[in-house]
Q: 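Provided herewith is a single structure, encoded as structure tokens, for subsequent inquiry.
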Amino acid sequence: MNAILAFESSCDDTGVAIVDTDYNILANVVSTQLDHSLFGGVLPELASRLHLKNIVYLTEAAFKQSKLSPAEISAVAVSINPGLIGSLIVGLSFAKSLAWSWEKPLITVNHMLAHIFANFLEHKSIQPPLLALVVSGGHTELVYFSTLTDFEIVGKTLDDAAGETFDKTAKLLDLGYPGGPIIDSLARKGNPEFFHFPRALNRKNNFNFSYSGLKTAVLEYLSRHKPEYIEEHKADLAASIQQAIIDPLINKTLTWARQNHIKTILLAGGVAANSALRIQLSEKASRLNIQVFYPSVSLCMDNAAMVGAAAVPKFLHQQFSSLDVNAFSTKGTRNL
Ligand code: KG4
Ligand code: ZN
């Protein structure tokens, strides 16, 4: 058995995991930095400091959970982009120091690719070709995989990401942060057809997304109605906004899959936890004889097990990084 020790520190969750090369999770611990909710968003400097505070004891906890010793680890994996640069540097520096002192190979991983690979931890039979819909706080991408290591972005957001839109519209409705899970649960009590917010780029064969107009439409709607009316219809508005966010995700994903004869769709990223998106995409896909996979809710959120999973094909192909590799905040690895 080969075991990979993996680190995730790209945003506000510090994660440490140990995953084997058959995608089994041997340990998975995450510390979510709740301190940021005071600020209505992630405070980068605070995030780096909290990663630094948490990473050592989380590593000890991961070893304890797995009952493995450092000598039984075959490689050290870490996410190096995209993300908050100060936060990424904490995880990378720690991973490098362990790889160097234990003389283990270092594997660097793209965070968005890691989200997609979270699916393999629970559904080991998944085989390419497949289409992945990656939806998170900073990303909205449709990615076609011809093999596990060959992929191409076939659609992406031109402005705001889906998760960002959940967060920003929740802020406009004064619901709190992060907005996605709050809108998700409020929407269950509301009517998604209460108000029709715009769906942008709603043209055939356009696989890009755009959400900045939706944010403006919500702002305009709120300015045109009395606070008491908004309060009374909060659940209806949450359901209507949620539907306007997920409709383009569902329609474009299924259209691309159908046109390109894809029978497997993977949902990934924080927004993949959205209950309406999971249900509606699966139902519509099954009518087209397409199978949809998504990770359990805890593995949709940032965690290190998904980083370990994305490191598996790299480990098997011996794609190791040198110890002078740098983290970078922007997209990379063929723009994922
Ligand atoms: O993947 P993630 O944990 O961090 C990034 O890599 O960005 O995603 C966080 C995003 C946030 O925007 C959050 O509001 C959204 O995922 N999110 C949800 C749900 N749970 C988290 N959005 C909609 N419905 C949810 N249940
Ligand atoms: Zn993420």
Side-chain angles (χ1 to χ4, degrees), residues 6-15 17 30-34 36-37 40-42 44 47 51 78-84 87-88 91 109-119 132-141 143 156-157 160-173 175-188 190 192 209 211 214-215 238-239 241-250 266-281 294-307 309-310 329-331 336:
F7 294 98
E8 161 58 39
S9 69
S10 63
C11 191
D12 57 343
D13 297 297
T14 323
V30 184
S31 169
T32 301
Q33 305 176 356
L34 300 173
H36 299 285
S37 59
V42 178
H51 286 308
V78 60
S79 54
I80 60 160
N81 81 294
L84 302 171
S87 294
L88 289 164
V109 167
N110 174 284
H111 177 85
M112 303 318 298
L113 206 57
H115 271 300
I116 296 170
F117 271 81
N119 281 285
L133 171 65
V134 199
V135 271
S136 75
H139 290 259
T140 307
E141 272 135 21
V143 191
K156 61 179 182 205
T157 184
D160 293 350
E164 190 181 0
T165 312
F166 272 108
D167 295 338
K168 286 181 177 169
T169 51
K171 204 168 184 175
L172 294 175
L173 283 172
L175 295 176
Y177 177 87
I182 304 171
I183 290 192
D184 188 350
S185 61
L186 193 59
R188 284 177 214 168
F209 306 90
Y211 287 112
L214 172 58
K215 203 178 52 196
I241 292 169
Q242 175 174 270
Q243 203 57 45
I245 298 174
I246 68 173
D247 268 351
L249 298 175
I250 296 169
L266 307 187
L267 202 50
V271 180
N274 185 268
S275 54
L277 175 60
R278 290 157 89 103
I279 294 168
Q280 292 177 32
L281 180 62
Y294 41 78
S296 54
V297 169
S298 63
L299 290 175
C300 288
M301 305 308 168
D302 288 352
N303 66 85
M306 67 185 196
V307 176
S329 60
T330 51
K331 298 173 188 183
L336 239 190

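Remember, it's 1-based here, ligands and their atoms both numbered in the order they're listed. Quick note: numbers below take in every heavy atom, side chains included, and nothing from hydrogens, waters or symmetry partners.
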Q: Considering only heavy atoms, does H115 approach ligand 1 within less than 4.0 Å through its side chain, its backbone, both, or neither?
A: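 H115 to ligand 1: side-chain contact only, backbone stays beyond 4.0 Å.
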Q: Just jot down the ligand 1 atoms closer than 4.0 angstrom to any heavy atom of G163, in number order.
A: 12 (O)
Q: For F117 and N110: C-alpha separation, side-chain torsions, deciding distance, then whether side-chain contact (heavy atoms from CB on, under 4.5 Å) applies.
A: CA-CA 11 Å; F117 271 81; N110 174 284; over 6 Å; no
Q: How far is atom 3 (O) of ligand 1 from the closest protein heavy atom, and which atom is that?
A: D302 OD1, 3.3 Å
Q: Would you sort out whether F209 and E141 count as a side-chain contact (heavy atoms from CB on, under 4.5 Å), showing the intermediate values?
A: CA-CA 8 Å; F209 306 90; E141 272 135 21; over 6 Å; no
Q: Which of the atoms of ligand 1 are close to M301, meaning less than 4.0 Å from one of its heavy atoms?
A: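 The atoms of ligand 1 under 4.0 Å from a heavy atom of M301 are 20 (N), 21 (C).
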Q: Under a 4.0 angstrom heavy-atom cut-off, which atoms of ligand 1 come close to G138?
A: 7 (O)
Q: Could you go step by step and tell me if L249 and Q280 meet the side-chain contact (heavy atoms from CB on, under 4.5 Å) rule?
A: CA-CA 11 Å; L249 298 175; Q280 292 177 32; over 6 Å; no
Q: Who passes salt bridge (charged side-chain N to carboxylate O under 4.0 Å, His left out) against D13, sequence neighbours left out?
A: none
Q: What is the closest protein heavy atom to atom 22 (N) of ligand 1, and at what distance does it sit?
A: G180 CA, 3.3 Å
Q: Once rounded to the nearest 0.5 Å, what's the spacing between atom CG of N303 and atom OG of S298?
A: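 Those atoms lie 7.0 Å apart.
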Q: Determine, for D167 against K171, whether the closest basic-nitrogen to carboxylate-oxygen distance falls under 4.0 angstrom.
A: no
Q: Report the residue from N119, L133, I116 that forms a side chain to side chain contact (heavy atoms under 4.5 Å, CB included) with L267.
A: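 Considering N119, L133, I116, a side chain to side chain contact (heavy atoms under 4.5 Å, CB included) with L267 is found only for L133.
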Q: Please identify which atoms of ligand 1 are closer than 4.0 Å to at least one heavy atom of N274.
A: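 It comes down to these atoms of ligand 1: 23 (C), 24 (N), 25 (C), 26 (N).
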Q: Looking at atom 12 (O) of ligand 1, what's its closest protein heavy atom, distance included?
A: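 Scanning the protein heavy atoms, the shortest distance from atom 12 (O) of ligand 1 goes to D167 OD2, 2.7 Å.
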Q: Looking only at the side chains, is there a donor atom on one of T165 and D160 sitting less than 3.5 Å from an acceptor on the other?
A: no
Q: Using 30° and 60° as the class limits, which term best fits the ring planes of H111 and H115: parallel, tilted or perpendicular?
A: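 Judged by the thresholds at 30° and 60°, the geometry between H111 and H115 is perpendicular.
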Q: Nearest to atom 7 (O) of ligand 1, what protein heavy atom do you find, and at what distance?
A: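 For this ligand atom, the closest protein heavy atom is G137 N, 2.9 Å.
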Q: Say whether C11 and ligand 1 are in contact under the criterion: heavy-atom distance to a ligand atom below 4.0 Å.
A: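 Per 4.0 Å heavy-atom rule, C11 does not contact ligand 1.
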Q: Please state which part of D184 comes within less than 4.0 Å of ligand 1, counting heavy atoms only: side chain, backbone, both or neither.
A: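 Contact part for D184 vs ligand 1: side chain (C-beta onward).
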Q: Just to verify, which of P44, S9, S10 counts as forming a side chain to side chain contact (heavy atoms under 4.5 Å, CB included) with L84?
A: P44
Q: Under 4.0 Å from a heavy atom of V271: give me the atoms of ligand 1 that qualify, with their elements.
A: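 Answer for ligand 1: 15 (C), 16 (O), 18 (C), 22 (N).
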Q: Take V135 and L277 through the side-chain contact (heavy atoms from CB on, under 4.5 Å) test and state the conclusion after the steps.
A: CA-CA 11 Å; V135 271; L277 175 60; 4.3 Å; yes
Q: Could you grab the protein N, O or S atoms closer than 2.8 Å to the Zn ion (ligand 2) for me?
A: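 Only H111 NE2, H115 NE2, D302 OD1 fall inside 2.8 Å of the Zn ion (ligand 2).
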Q: Which residue holds the protein heavy atom closest to atom 21 (C) of ligand 1, what is that atom called, and what is the gap in Å?
A: G270 O, 3.4 Å
Q: Nearest 0.5 Å, please: how far is CD in E164 from NE2 in H139?
A: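 Atom-to-atom, H139:NE2 and E164:CD are 10.0 Å apart.
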Q: To the nearest 0.5 Å, what is the distance between CE on M306 and CG on L299?
A: 9.0 Å
Q: So, does H111 sit close enough to ligand 1 that a heavy atom of it is under 4.0 Å from the ligand?
A: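 Yes, H111 has a heavy atom closer than 4.0 Å to ligand 1.
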